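Please read these numbers as outputs of a predicted model, since none were measured by experiment.
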Amino acid sequence: MNFYFEAVTVLDKLDAKKGSIKSVIASVPEKNRKRTAALVIETLKYKQVLNEVIDVIQLLKQERKITSRNLALVLVHDLLLARGIQAGEGPIKQAILRHRTRLQSEFTRLKIKRGAKSNAELAQTDDSRAASIPRYIRVNRTCWSTKDALKIFEAQGYERGDPLLSKKAFKQDDHISDLFAFHPTVRFTEDPLYLSGKIILQDKASCFPAHVLAPPARDNSVVIDATAAPGNKTSHLCAIMQNKGKLFAFERDRKRFGTLKTMLSRAHCSNVEAVNSDFLTTSPNDPKYSSVTHILLDPSCSGSGIVNRLDHLLDNEQEADDDSERLNKLAGFQLKMIRHAMTFPSVRRIVYSTCSVHAIENEHVVREAIKSEEATSGGFRLGRKKEVLPTWERRGIPEEMDDPADAESVIRCSPGDDATNGFFVSLFVRTVGEDAGRPAQEAVKRKAEEEDGDGETQPAAKRRRKKKKGKAPVSS
């Protein structure tokens, strides 16, 4: 029965909007992940029908042992649509089996009512946009070369062509040279190349942040991935750095930290030090991080740009998109991450990215960040178009920036239109000398003095003295 409780935990997190299906499932221990993922996904596919059946027979009212709707959903799913409930003869299983005849009868009645000839016809269909997004795989250059990968793909029977037109066609990407596109239905999760870490399953847009950050492949390079789990972007940074220098990968959540370490081990990332800590609590004055020159920020966001083959199953997605209070909180957190990154004394380049389509998390955060005291005193500017994937046509939204011309400095990916998930990428570049970090650190110190431990501001007199120095940024 523990297996079912694990699936219920995942469904509860999805109901609470704590992440996408993919990210929440990634937090499940690896030994249980595949089985749990299959049950969760199949349950979501039939959720509408199962809910109707459960409500008609009033299962939750009649059986107190069934303590939640999600528990009822996973158990009824296996009773009606799988090989039965895979658990011992305990009270919870018996509570469901007592109603087996009525559950089966109502399920059959629904099939007839909807004109379904098979159970599969009752399932939710895929998001139509997902069909226009290829299956992307990134060649992990810490293990082998793109040239060798090409030979293997061709030996497996794949031919160069349009991957959306043929299951045997594949194409090398025009923007990321070690990325390849295959037909959306192609599976690599059991392929030895994936299991050995030679290929990484990663959407094209998700490859842009590390590509734009472009840390140097030198022995003295020091880089931070501030929100690293599950580890795709971290492993990409590692490959770009050719496993040289030092790459600190932060992840504050314990379970996701475990996922991150597993991923980094599989990807043969020997220059990475995984840190189970919150990046925001890391002192820029710590000698360990004082020489960091490149920081990648891909913080928590609404996930509104994700159009993978799973999240269309979440019936609360549109509600989440329209939750302005939630978006404002996310934007405040995202801005805080950027401002903190700007206080590291040696940092030269900062990439900020999201998988959101909302301007409030994208252009609005960037425009406030570039006006912040940390950006002004630290000498930061927005990266120019030539520095931020110049061949990518879709840029930012001009009317959402203070200076419409700044929209050319950021890039957007539109789900469905660009053959990727929705994404946003920006770059901040320090333009002054090596000592530029010192004023930024002083700004942080002043800010800390004005706030107590709970984040409450000190008396108004001190606030007024700060305001005289310039326009205050949006609260983070």
Side-chain angles (χ1 to χ4, degrees), residues 209 213 215 220-229 231 233-234 237 241 245-254 256-257 260-261 264 271-300 332-353 365 368-380 427-458 462-463 466 469 472-476:
L213 188 64
N220 62 347
S221 294
V222 187
V223 180
I224 283 179
D225 184 350
T227 50
K233 296 180 186 69
T234 312
L237 287 170
M241 297 169 70
K246 175 64 75 173
L247 172 54
F248 294 103
F250 284 81
E251 177 51 53
R252 65 181 182 180
D253 182 81
R254 183 177 57 82
R256 284 173 60 81
F257 181 69
L260 171 66
K261 290 201 296 183
L264 296 176
N271 73 333
V272 180
E273 181 179 329
V275 184
N276 188 193
S277 180
D278 186 344
F279 171 69
L280 285 174
T281 66
T282 303
S283 171
N285 298 316
D286 187 332
K288 190 173 184 179
Y289 308 116
S290 61
S291 58
V292 168
T293 58
H294 293 64
I295 299 178
L296 178 61
L297 301 173
D298 188 64
S300 298
F333 168 72
Q334 292 153 356
L335 177 58
K336 190 174 183 179
M337 290 283 281
I338 298 173
R339 293 171 60 182
H340 183 62
M342 287 177 172
T343 64
F344 282 71
S346 300
V347 69
R348 311 297 297 173
R349 292 167 72 90
I350 300 169
V351 160
Y352 167 70
S353 63
V365 169
E368 295 304 325
I370 207 63
K371 293 187 295 187
S372 69
E373 185 172 359
E374 291 83 359
T376 302
S377 61
F380 286 94
L427 171 68
F428 299 92
V429 179
R430 174 169 273 156
T431 59
V432 294
E434 295 296 330
D435 291 335
R438 213 166 281 148
Q441 289 183 66
E442 292 171 0
V444 173
K445 184 178 180 181
R446 287 194 300 273
K447 181 181 176 183
E449 290 172 350
E450 293 172 0
E451 297 178 351
D452 63 22
D454 296 322
E456 296 295 331
T457 56
Q458 294 290 339
K462 290 187 177 181
R463 293 201 301 271
K466 179 177 178 182
K469 297 178 181 179
V474 168
S475 174
S476 58

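Side-chain contact between Val222 and Phe248 is present, with heavy atoms from C-beta onward closer than 4.5 Å. Ser377 is not listed as a side-chain neighbour of Met342, based on a closest heavy-atom distance of 4.5 Å or more. In this structure, Met337 and Leu280 have side chains that are in contact, with non-hydrogen atoms separated by less than 4.5 Å.
With hydrogens and angles disregarded, a donor-acceptor distance shorter than 3.5 Å links the side chain of Ser346 to the backbone of Ser290. Looking at Thr431, its side chain does come within 3.5 Å of a backbone N or O of Gly379 through a donor-acceptor pair. In terms of modelled atom types and a separation under 3.5 Å, the side chain of Arg349 and the main chain of Leu213 share a donor-acceptor contact.
What you find for Ala274 and Leu260 is that their closest heavy atoms are CB-CD2, 4.3 Å. The minimum heavy-atom distance linking Leu296 with Pro209 is given by the pair CD1-CB, 3.5 Å. Smallest separation of non-hydrogen atoms from Asn271 and Gly245: CB-O, 3.4 Å. Closest approach of Ala249 and Thr234 over heavy atoms only: CB-CG2, 3.8 Å. Here the closest heavy-atom approach between residue Phe428 and residue Ala369 is recorded as CZ-CB, 3.9 Å. When every heavy atom of Phe333 is checked against every heavy atom of Pro299, the shortest pair comes out as CE2-CB, 3.7 Å.
Residue Arg339 is tested with Gln334, Glu373, Glu374 for a side-chain hydrogen bond (donor to acceptor under 3.5 Å, both in side chains); the sole match is Glu374. If you run side-chain contact (heavy atoms from CB on, under 4.5 Å) between Phe380 and each of Val429, Ile338, Val347, only Val347 comes through.
Note that NZ of Lys336 and CG of Leu297 are 14.0 Å apart. Values are rounded to the nearest 0.5 Å. Put simply, OH on Tyr352 and CG on Leu427 are 14.0 Å apart, with the number rounded to the nearest 0.5 Å. We find the CD1-CD1 distance between Ile295 and Ile224 to be 5.0 Å, quoted to the nearest 0.5 Å. Residue Asp253 holds its CG atom at 12.5 Å from OG1 of Thr227, rounded to the nearest 0.5 Å.
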Tell me, with the steps shown, if Lys233 and Asp225 meet salt bridge (Lys or Arg N to Asp or Glu O under 4.0 Å).
CA-CA 8 Å; Lys233 296 180 186 69; Asp225 184 350; over 6 Å; no

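For Ser221, the side chain to side chain contact (heavy atoms under 4.5 Å, CB included) partners two or more places apart in sequence, or in a different chain, are Pro216, Arg218, Met241. For Lys261, the salt bridge (Lys or Arg N to Asp or Glu O under 4.0 Å) test picks out no residue, with sequence neighbours left out.
Residues Phe344 and Phe279 bring their aromatic ring centres within 6.0 Å.
Side-chain atoms of Ser353 and Asp298 form a donor-acceptor pair, as typed in the model, at a separation below 3.5 Å.
Within the structure, salt bridge (Lys or Arg N to Asp or Glu O under 4.0 Å) pairs that include any residue of residues 271-284 comprise Lys246-Glu273, Arg252-Asp278, Glu273-Lys288 (at least two apart or interchain).
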